[in-house]
Amino acid sequence: MFSLLTAIMISTIIAVWLWIYTSERHLRIDSIRNQIELVNSRIINAYENDYDAAHFLQFVGHYYKTHPLFEHIRITLLLNDQAIESLGEPITVSQLPAMIETHREPYEIEIGDNISDFLAISQVSTSADGQLIVATILPFRRQVLSQRFNNGIYSALIVLAILLTIGAYITSRRLGRNIKTLQTFAQRAGSDPGFNLQGDFANDELGDISRQIVKIAQDRNAMLIRSEHEHKIAIDALQEKNRIKYQLANDLNHELKTPVAVIKGYVDTIVQHPEMDDKSRFHFLAKISEHTDRLSNIIRAQGYLNSLEDGSLTLQPETTKICEIINQVAADLNTAGLLKNIKFICKVPDDCLVLANQRVLNAVIANLIKNAAIHSQGSECVLELKKSDEDFHFFRFFDDGIGVPNDRVSHLFERFYRVDVSRSRQRGGSGLGLSIVKAGVEASRGKITVNNRADHSGLEFHFSIPKIPN
């Protein structure tokens, strides 16, 4: 551990030293570049203000001649691509493209017979009218960029490295003893079932870690107990799911068996009696068509219900005037003759807006009305808006029929459940209408309940549908 800590600390110090060195090198390059840009901008400014740029160039040369960094500076003024004044060795027009390309970074340059000791930074500036070009090359020795930074900082880093190394050694020795003791404790806690997890630990780092290990072990034991309990719940839920699936399969088989048997019976009769008169044959064919429709309705309703419950049906909610859906459904059912002798009354305001899928709303309302028309034996059914809060509208649908026995109300939303099996089959229906109602409301993020009315004059359904957010 001591070696690791020492290596980390030394690596950190080296990284800091390299960062300082690199930062200072970039600062020096930026400083040189800024000096050149300042010289060029002053010359351009003199020219644009009708001062003698050549005279100003001589002033620049006199100003910088004592500065060692500017010993080899070269400045050339080109007016309409003709050199009019130079400081140092003249710069030609042919050199300008290379200077423009390399002006951001230092590059090697030959000064006398020496090409390895000098770098240069160049700058090309142009006046606003494009006639005057100021080309500047500033050669300087490599040592300018590689001079060591402040010796005080370097000494401070060495002292810091020594102090950190001593601190790492002391810390690693103490941690090593504590970790060895802790390792022994952890091995016993993990391998000895009879090991007492409670203990009186010292009030130091080791004691804190030991108490944390005790807590982890206790949490692990509690987690194992909870996991076993959750596993049992999951097994029970799976068994219940399989039971429901088996029951649904049996119910579906039972529901399909009747129309299939009736259809087969009529078909066999027609086949076995080819001499049958047209009136009887037409009657049998009408019965076949009726039971085929019922069979098709069961299959279609079962598929739609499965799609609602397993989420495979895409239900994009949309802003909807629920009155338009209600009126359209009532009109369609009346046209199809499905309202029979019952009158439907809508008491929902025209401006009532809901956030729900229109197809699902259509199915919910249609199945509520059809259920009342087929089974209630009443004279009217009503859909009304009871109240609203910030998130939902609350509706009530009720009829004035005979209701159902109280002990059977809780089963009304189950698939294929019928209060009176023989009468329900005679009147038609898939046995899935109220199941679709419940699944549709819940898929719309609402809730639905059913009960007999207080005066025992029919059923009433209470359900909620999300409203448009404010």
Side-chain angles (χ1 to χ4, degrees), residues 290 293-294 296-298 300-302 304-305 308 315 320-350 352 354 356-386 393-404 408-409 411-420 423-444 446-453 457-465:
E290 177 185 333
D293 289 342
R294 182 184 168 208
S296 177
N297 289 337
I298 292 174
R300 187 184 304 110
Q302 176 71 18
Y304 182 72
L305 182 56
L308 280 177
L315 302 176
T320 303
K321 280 189 175 182
I322 192 170
C323 264
E324 295 180 356
I325 301 292
I326 295 171
N327 293 333
Q328 184 61 52
V329 168
D332 291 343
L333 293 178
N334 186 51
T335 302
L338 297 178
L339 286 182
K340 303 185 183 298
N341 296 321
I342 198 168
K343 179 182 179 182
F344 171 68
I345 301 173
C346 176
K347 293 184 178 181
V348 178
D350 292 339
C352 180
V354 297
N357 182 269
Q358 292 188 8
R359 179 184 174 189
V360 174
L361 276 180
N362 190 300
V364 169
I365 296 167
N367 280 286
L368 282 173
I369 297 174
K370 286 194 292 184
N371 181 76
I374 294 173
H375 303 295
S376 72
Q377 301 183 40
S379 60
E380 68 176 24
C381 57
V382 180
L383 177 58
E384 63 180 3
L385 176 65
K386 291 292 292 181
H393 291 301
F394 296 89
F395 300 90
R396 181 172 76 128
F397 179 89
F398 62 92
D399 60 66
D400 61 352
I402 61 174
V404 300
R408 300 192 180 185
V409 171
H411 299 285
L412 289 178
F413 291 125
E414 296 178 5
R415 299 190 191 200
F416 305 116
Y417 182 80
R418 290 183 172 89
V419 177
D420 188 331
R423 182 182 300 171
S424 296
R425 284 185 175 151
Q426 289 172 0
R427 296 185 178 186
S430 64
L432 296 170
L434 293 184
S435 298
I436 292 176
V437 169
K438 183 175 186 293
V441 171
E442 292 178 348
S444 300
K447 295 181 179 179
I448 185 168
T449 60
V450 59
N451 56 268
N452 283 308
R453 297 175 66 185
S457 59
L459 282 175
E460 62 180 6
F461 296 82
H462 296 267
F463 63 95
S464 58
I465 300 292

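Because only heavy atoms are used, hydrogens play no part in the values below, and waters and symmetry mates are left out as well, while side chains stay in.
- Residues passing the side-chain contact (heavy atoms from CB on, under 4.5 Å) test with Lys447, sequence neighbours excluded: Ser464.
- With sequence neighbours left out, the side-chain contact (heavy atoms from CB on, under 4.5 Å) criterion links Asn452 to Val404, Asn406, Val409, Leu459.
- Put simply, CD1 on Ile345 and CG on Asp399 are 12.0 Å apart, with the number rounded to the nearest 0.5 Å.
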Could you go through residues 326-334 and list every donor-acceptor pair under 3.5 Å that involves a side-chain atom there, pairing it with any protein atom two or more places apart or in another chain?
residue, atom, partner, partner atom, Å
Asn327, ND2, Cys323, O, 3.2
Gln328, NE2, Asp332, OD1, 2.9
Gln328, NE2, Asp332, OD2, 3.4

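- Residues passing the side-chain contact (heavy atoms from CB on, under 4.5 Å) test with Thr320 are Glu318, Ile325, Val354, Gln358, Leu361, sequence neighbours excluded.
- Contact between Val364 and Val437 at its shortest, heavy atoms only, is O-CG2, 3.6 Å.
- Annotation: the span from Ile436 atom CD1 to Lys370 atom NZ amounts to 7.5 Å, rounded to 0.5 Å.
- Within the 4.5 Å cutoff, no side-chain heavy atoms of Lys321 are placed close to those of Asp350.
- Note that CD of Glu414 is 11.0 Å distant from CG of Leu434, once rounded to the nearest 0.5 Å.
- By the side-chain contact (heavy atoms from CB on, under 4.5 Å) test, Ser379 pairs with Asp400, sequence neighbours left out.
- Not counting sequence neighbours, the partners of Phe463 by the ring-ring contact (aromatic ring centres under 6.0 Å, His included) test are Phe395.
- Checked against ring-ring contact (aromatic ring centres under 6.0 Å, His included), His411 has the following partners two or more places apart in sequence or in another chain: Tyr417.
- In this structure Glu384 satisfies the side-chain hydrogen bond (donor to acceptor under 3.5 Å, both in side chains) test together with Arg396, sequence neighbours excluded.
- How far SG of Cys381 is from CG of Asn371: 10.0 Å, rounded to the nearest 0.5 Å.
- Exactly one residue among Leu368, Ile369, Asn362 makes a side chain to side chain contact (heavy atoms under 4.5 Å, CB included) with Ile365. That residue is Ile369.
- Every residue two or more places apart in sequence or in another chain was checked for a side-chain hydrogen bond (donor to acceptor under 3.5 Å, both in side chains) with Thr449, and none qualifies.
- The salt bridge (Lys or Arg N to Asp or Glu O under 4.0 Å) check on Glu442 picks up Lys438, with sequence neighbours excluded.
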